[in-house]
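Reading through the structure tokens given below for one structure.
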Amino acid sequence: MFCRHYMVRATPTVLDTATLAEAMAIMIKHHRQQLLVVNASNEYVGEITTFMLARLLLPDNGDRAPTQEEAELETVVDVDDRIAPYLGRRVREFAGQDLPIMHPDTPLVTAIKLLAGGKLRLPVVDPKTNQFVGAISALSVLRRYQF
């Protein structure tokens with residue numbers, strides 16, 4: 001079995017020229033913790049995740065936990081103000097590139113090992129054209145077992 005047998009071709013992506021706000025809207029609309037990023041030529045560029053977005057919500061006080069008083073004084077506006085400066089920036093600035101790239105003929109077991117290790121979704125790219133052709137996730141493999 002190969003990745004092509006289980007990959008999903010119609011998976012939400014975001015262009016690297018989109019703003020972070022646009023990407024967040026796609027993630028919320030499609031209930032995604034991860035979006036794969038492509039360029040205008042439909043080549044895979046990277047990924048953005050809710051984990052990366054959550055880091056933008058953290059206060060700039062290092063790893064120090066807030067005191068009870070600081071937590072009580074914090075407002076919704078304070079949290080909003082931490083992410084607001086990033087919302088108009090381009091997705092390409094935030095796209096992580098640490099995901100292994102699968103090809104349609106990559107053995108399925110190779111992808112499953114990565115997914116079992118905690119990867120959410122893996123990009124599948126045509127090795128000849130470098131075009132993004134789909135994605136594979138644990139759910140796309142497990143959907144065969146719909147009860």
Side-chain angles (χ1 to χ4, degrees), residues 1-66 70-71 73-104 106 108-127 129-147:
M1 293 301 296
F2 298 99
C3 285
R4 71 172 176 268
H5 296 112
Y6 285 92
M7 71 182 196
V8 176
R9 293 181 189 280
T11 187
T13 58
V14 64
L15 283 173
D16 63 346
T17 56
T19 65
L20 193 58
E22 292 168 327
M24 286 172 49
I26 294 169
M27 293 172 90
I28 292 165
K29 178 181 178 182
H30 294 283
H31 306 281
R32 299 283 181 165
Q33 287 198 353
Q34 172 206 48
L35 267 182
L36 299 176
V37 181
V38 296
N39 63 21
S41 299
N42 199 41
E43 297 170 326
Y44 173 73
V45 173
E47 69 166 340
I48 60 168
T49 68
T50 54
F51 308 115
M52 180 273 302
L53 295 171
R55 284 192 291 277
L56 299 178
L57 295 171
L58 292 171
D60 189 23
N61 64 357
D63 291 334
R64 183 182 65 79
E70 289 171 329
L73 293 174
E74 186 175 51
T75 67
V76 172
V77 173
D78 294 329
V79 178
D80 291 348
D81 286 348
R82 289 197 284 267
I83 198 167
Y86 302 101
L87 296 178
R89 291 172 55 183
R90 301 290 170 216
V91 169
R92 76 169 70 90
E93 297 178 50
F94 302 94
Q97 297 156 344
D98 61 340
L99 277 182
I101 295 173
M102 302 293 105
H103 299 136
T106 299
L108 180 63
V109 170
T110 301
I112 290 173
K113 284 180 182 179
L114 292 165
L115 296 166
K119 301 296 183 193
L120 295 171
R121 184 174 289 105
L122 300 168
V124 181
V125 173
D126 183 311
T129 65
N130 207 30
Q131 297 289 296
F132 174 79
V133 294
I136 189 165
S137 69
L139 286 176
S140 65
V141 175
L142 293 173
R143 74 176 176 204
R144 172 173 162 72
Y145 301 100
Q146 294 179 16
F147 299 102

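- Here the CG-CG distance, from Leu35 to Leu120, works out to 11.0 Å after rounding to the nearest 0.5 Å.
- Separating the CD1 atom in Ile101 from the CG atom in Asp126 is a distance of 12.0 Å, to the nearest 0.5 Å.
- The aromatic rings of Tyr44 and Phe132 lie parallel to each other, their planes meeting at an angle below 30°, with 60° marking the opposite boundary.
- When the side-chain hydrogen bond (donor to acceptor under 3.5 Å, both in side chains) test is applied to Arg89, the partners found at least two apart in sequence or on another chain are Glu93.
- Atom CG of Leu57 and atom CG of Asp81 lie 11.5 Å apart (nearest 0.5 Å).
- Looking only at side-chain heavy atoms (C-beta outward), Leu87 and Thr19 stay at 4.5 Å or farther from each other.
- Put simply, the side chain of Val124 does not reach to within 4.5 Å of the side chain of Thr106, judged on heavy atoms.
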* So Val45 and Val91, side-chain contact (heavy atoms from CB on, under 4.5 Å) or not? Walk me through it. -> CA-CA 10 Å; Val45 173; Val91 169; over 6 Å; no
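- Taking a cutoff of 4.0 Å between a charged side-chain nitrogen and a carboxylate oxygen, Glu47 and Lys119 do not qualify as a salt bridge.
- Minimum heavy-atom separation, Ser140 to Arg143: O-CG, 3.3 Å.
- No donor-acceptor pair closer than 3.5 Å links the side chain of Arg9 to the backbone N or O of Gly134.
- Once rounded to the nearest 0.5 Å, the distance linking OG1 of Thr110 with CG of Leu115 reads 10.5 Å.
- Counting heavy atoms from C-beta on, the side chains of Leu56 and Leu53 come closer than 4.5 Å.
- Thr11 approaches Ala135 most closely through the heavy-atom pair CG2-CB, 3.9 Å.
- Listed by first and then second residue, the salt bridge (charged side-chain N to carboxylate O under 4.0 Å, His left out) pairs that reach into residues 15-27 are Asp16-Arg92, sequence neighbours excluded.
- Contact record, Ala111 with Cys3: CB-SG, 3.7 Å, taken as the closest heavy-atom pair.
- Side chains of Met7 and Phe2 form no contact here, defined as non-hydrogen atoms less than 4.5 Å apart.
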Which pairs of donor and acceptor atoms, one on a side chain in residues 23-32, lie under 3.5 Å apart (sequence neighbours left out)?
none

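- The shortest non-hydrogen separation linking Pro127 to Pro104 is CD-CD, 4.1 Å.
- The OG1 atom of Thr13 sits 7.5 Å away from the CG atom of Leu36 when rounded to the nearest 0.5 Å.
- Among residues two or more places apart in sequence or in another chain, the side-chain contact (heavy atoms from CB on, under 4.5 Å) test is passed with Ala84 by none.
- Between Leu108 and Ile136 the shortest side-chain heavy-atom distance falls below 4.5 Å.
- A search for side-chain hydrogen bond (donor to acceptor under 3.5 Å, both in side chains) contacts involving Gln131 returns nothing, not counting sequence neighbours.
- With sequence neighbours excluded, the residues that form a side-chain hydrogen bond (donor to acceptor under 3.5 Å, both in side chains) with Thr75 are Asp78.
- Contact annotation: the side chain of Ile112 never approaches that of Tyr6 to less than 4.5 Å [non-hydrogen atoms, C-beta and beyond].
- Minimum heavy-atom separation, Glu70 to Ala65: OE1-O, 4.5 Å.
- Taken from OG in Ser137 to CG in Leu114, the straight-line distance is 13.0 Å, to the nearest 0.5 Å.
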